[in-house]
Amino acid sequence: MTWLRQRGAGRGDLVGLAVAPDGTTAVAAAGGDGRMTSLGEVAMADDEIRPRWVTWSQETAQWLVAGGARVATCWDVAAVHRLVFGGWRADPGWAWAHLHGLAPDGVPTEAPEAGPPDLFSEPDEARAGADDDPVGADGYLRAGWARGGWAAAPARILRWAQLALETAELQRAALGRLSETPIPVATARSESTAELLCAELSSDGLPLDLAAAERVLTGIIGPRPRDEVHAAAMRAARDAEVLRHAPGGMTVDLRSPVQVRSLLAAAGIDVPDTRAWRLEQFRESSPLIAALLEWRKAERIATTYGYAWLDEHLDGDGRLRGSWTGSDGAAGRMTASSGLHNMPAAMRQAVIAAPGHALVRADLGQIEPRVLAAVTGDPALAAATAADDLYLPVASQLGVDRPTAKVAMISAMYGQTTGHGGQALRRMRAAYPVAMAYLDTADRSARARRELRTYGGRRIPMSGGPGDSPAQVAARGRYGRNALIQGAAAELFKMWAVTVRARGLPLGARIVLCLHDELLVHGPAGQAEAMARLVGECLTETARRWSPDGRVRFTADISIVRSWADAKLE
DNA sequence: TGCGGCTATTG
DNA sequence: CACAATAGCCGCAG
């Protein structure tokens with residue numbers, strides 16, 4: 001797009017982008033200049049210039065992907081808003097208000113007295129004309145614009161692209177004021193581009209072989225039921241397998257925890273609840289418990305990951321699709337629906353590379369303690385990261401065995417208070433004073449409802465939430481200390497992921513799954529070795545950018561596999 | 001019908 | 001069974 005070049009736009013420069021649901025597209029360059037264009041031109045300009053496209057949210061990325069115009073990088077206003085201000089809500093009007101210091105309560109909504117749209121209440125976009133400014137006299141974005149009215153006419157789409165750019169520039173300035181965090185702008189970029197990745201993950205799906213998946217299911221819950229009657233009969237048969245161990249022919253609904261508890265009581269087993277870990281100790285001595293635990297496993301598969309799950313989420317092209325969010329929850333992890341993040345391990349053997357393709361599986365090793373070392377700069381802990389197994393040097397520094405060292409480390413990061421980690425925890429305090437002080441500070445701040453900020457600059461709001469009983473205060477402390485670790489790990493992971501996404505493109509490598517510390521990359525079989533090498537190089541590159549002093553070592557276990565479940569083939 | 005509790009799966 | 005998430009079923013309130 002020569003026009004963009006004429007406006008002086010170069011690699012990495014912010015360029016506003018708006019894509020209406022019908023594909024009408026506008027771009028806006030710095031200085032307020034903009035023009036209507038097409039997705040095809042955007043794709044070409046991305047190749048030639050590679051600006052950083054400013055989008056309002058992942059929705060724009062979804063339109064781009066749907067239109068076949070995948071771009072390299074973006075600045076996602078919603079993602080950056082979540083980073084800078086925290087919380088889930090990140091619509092344009094909300095982000096705008098925060099950047100302009102306007103009270104969030106005042107963000108205009110559609111007038112409630114207007115009621116649902118009908119023949120007599122013209123939507124805002126249809127009334128466009130006299131007062132066609134997206135910003136109202138009160139300084140807020142107008143509700144009609146923010147709620148979709150921007151797409152009503154080309155002039156509005158253009159204005160919306162300009163406004164995205166203006167908003168992004170304000171966000172960048174706000175990030176610059178986060179002086180206490182080391183890499184806020186780099187994090188904003190990777191968090192943004194992670195939204196592009198999410199749109200692609202949602203669109204591309206995870207390769208899952210239907211026949212293999214059905215074989216897994218058959219082995220656990222039997223063949224696909226022919227009809228409802230057959231399904232009910234199989235269910236009853238599974239139930240009967242447990243109930244035949246019930247005392248006195250007692251019949252209960254196994255799906256009701258209350259009834260199961262009374263069943264167990266009748267069998268002489270008194271438990272406060274019926275969770276598997278609690279029942280496990282009775283497995284050997286009680287055939288009823290053993291049968292119940294097996295039933296639970298099968299029931300879980302049948303109801304959540306069974307044939308209905310395949311029918312609902314596995315498409316005809318052999319891809320399991322769900323929706324992806326780039327930064328969800330307390331600490332800004334990626335999340336996915338359709339069970340993509342909690343699929344039973346047994347189902348992984350059905351995740352198989354397409355013909356002529358291979359999967360590269362890569363796990364970050366012991367990511368949370370390494371992240372703790374990096375974000376705190378604790379010298380002793382950083383030294384321990386030189387080892388492949390970080391818990392070995394930690395154990396020797398603490399003078400305990402490896403399992404104890406691991407429990408102590410995880411206790412410190414998660415805030416466990418029960419159990420017998422007290423002595424090891426005291427030694428942790430002596431061995432890693434910088435890291436432990438960081439965690440203690442986070443805990444204290446969270447208890448006092450003071451907001452937190454991760455290494456990458458993500459705000460963790462601590463207002464609201466549960467009350468001030470001792471248990472709730474303690475829980476808030478655990479939440480806070482963990483949010484900083486989990487959050488920073490999520491930031492590092494996403495930077496790694498978007499680096500792999502970018503560098504892997506020439507090889508035809510596509511990320512097909514992100515799982516908190518694990519990447520699954522799919523690509524041509526002939527490029528498998530190159531992809532595996534590249535994933536490792538991307539971690540090195542990311543680590544250097546993320547933790548520039550280089551004193552903390554990050555490791556990944558990388559292997560080329562046909563199926564996700566496969567052991568390493570390297 | 002909506003929602004909290006319980007349960008299981010994952011990192 | 002600490003921290004995080006998604007998701008299904010039960011029981012109860014409205």
Inset, instruction - Between A:Ala336 and A:Asp273, name the one whose nearest nucleotide on DNA chain C is closer to the 5' end. - result: A:Asp273
Legend entry - A:Arg235, CZ atom: more than 12 neighbouring heavy atoms under 6.0 Å: no
Inset, instruction - Name the nucleic acid region contacted by A:Met413, choosing base, sugar-phosphate or nothing; use a 4.0 angstrom heavy-atom cut-off, strictly under. - result: nothing
Inset, instruction - Starting from C1' on B:dG5, measure out to CZ on A:Arg275 and report it in whole angstrom. - result: 9 Å
Legend entry - Proximal nucleotide (of C:dC10, B:dG11, B:dT9) relative to the A:Pro344 side chain: B:dT9
Legend entry - Whole-Å gap separating P (C:dC9) and CD (A:Glu299): 8 Å
Legend entry - Distance below 4.0 Å between A:Thr303 side-chain N/O and C:dA7 OP1 or OP2: no
Inset, instruction - Just call it for A:Ala330: base, sugar-phosphate, or nothing, with non-hydrogen atoms closer than 4.0 Å on any strand. - result: sugar-phosphate
Inset, instruction - Provide, to the nearest angstrom, the distance between the CD1 atom belonging to A:Ile301 and the C1' atom belonging to C:dA7. - result: 13 Å
Legend entry - A:Arg478 vs C:dC3: side-chain N/O to OP1/OP2 distance below 4.0 Å: yes
Legend entry - Lys/Arg-Asp/Glu bridge criterion (N-O < 4.0 Å) met for A:Asp566, A:Arg348: no
Legend entry - Interatomic distance where CD1 belongs to A:Ile220 and C1' belongs to B:dT9 [whole Å]: 12 Å
Inset, instruction - Indicate, with a heavy-atom threshold strictly under 4.0 Å, whether A:Arg255 touches base, sugar-phosphate, or nothing. - result: sugar-phosphate
I'd like a table of donor-acceptor pairs (distance under 3.5 Å, sequence neighbours excluded) in which one partner is a side-chain atom from residues 510-519 of chain A, with atom names and distances.
residue  : atom : partner  : partner atom : Å
A:Glu518 : OE2  : A:Arg361 : NE           : 3.1
A:Glu518 : OE2  : A:Trp564 : NE1          : 2.8

Inset, instruction - Give one of base, sugar-phosphate or nothing for A:Tyr305, where a contact means two heavy atoms less than 4.0 Å apart. - result: nothing
Legend entry - Whole-Å gap separating P (C:dA4) and CG (A:Leu484): 12 Å
Legend entry - Among C:dC10, C:dG8, B:dT10, the one nearest A:Asp253 by side-chain distance: C:dC10
Inset, instruction - Indicate whether any N or O donor in one side chain lies under 3.5 Å from an N or O acceptor in the other, for A:Glu491 and A:Thr454. - result: yes
Inset, instruction - Kindly say whether, by distance alone, the side chain of A:Asn342 makes a donor-acceptor pair under 3.5 Å with the base of B:dT10? - result: no
Legend entry - Among C:dC10, B:dT10, C:dA4, the one nearest A:Arg348 by side-chain distance: B:dT10
Legend entry - A:Thr274 vs B:dT7: side-chain N/O to OP1/OP2 distance below 4.0 Å: yes
Inset, instruction - Look at all strands and tell whether A:Ala490 reaches a base, only sugar-phosphate, or nothing, counting heavy atoms closer than 4.0 Å. - result: nothing
Legend entry - Nearest listed nucleotide, side chain of A:Ala276, among B:dA8, C:dG8, C:dA4: B:dA8
Legend entry - Rounded distance in Å - CE (A:Met347) to C1' (B:dT10): 14 Å
Legend entry - Identified side chain to side chain contact (heavy atoms under 4.5 Å, CB included) partner of A:Ser327 from the options A:Lys494, A:Arg333, A:Met334: A:Lys494
Inset, instruction - May I ask you to say what A:Leu340 touches in the nucleic acid, namely base, sugar-phosphate or nothing, with a heavy-atom cut-off under 4.0 Å? - result: nothing
Inset, instruction - Ignoring the backbone of A:Ser337, work out which of C:dG11, B:dG11, C:dT6 is nearest its side chain. - result: C:dT6
Inset, instruction - Please state whether the phosphate of B:dC6, meaning OP1 or OP2, lies under 4.0 angstrom from any side-chain nitrogen or oxygen of A:Arg300. - result: no
Legend entry - N/O donor-acceptor pair, side chain A:Arg296 with base B:dT7, under 3.5 angstrom: no
Legend entry - Presence of A:Gln259 side-chain N/O under 4.0 Å of C:dG11 phosphate oxygens OP1/OP2: yes
Inset, instruction - Starting at atom CZ of A:Arg476, determine the distance to atom P of C:dA4, rounded to an integer number of angstrom. - result: 13 Å
Inset, instruction - Would you mind telling me which of C:dC3, B:dC6, C:dA5 lies closest to the side-chain atoms of A:Thr335? - result: C:dA5
Inset, instruction - Using only side-chain N and O atoms of A:Lys297, determine if any of them is under 4.0 Å from OP1 or OP2 of B:dT7. - result: no
Inset, instruction - Could you verify whether a donor N or O on one side chain and an acceptor N or O on the other, from A:Arg296 and A:Thr274, lie under 3.5 Å apart? - result: yes
Legend entry - Non-hydrogen side-chain atoms of A:Arg458 and A:Arg82 separated by less than 4.5 Å: yes
Inset, instruction - Would you indicate what A:Arg261 reaches in the nucleic acid, counting non-hydrogen atoms under 4.0 angstrom: base, sugar-phosphate, or nothing? - result: nothing
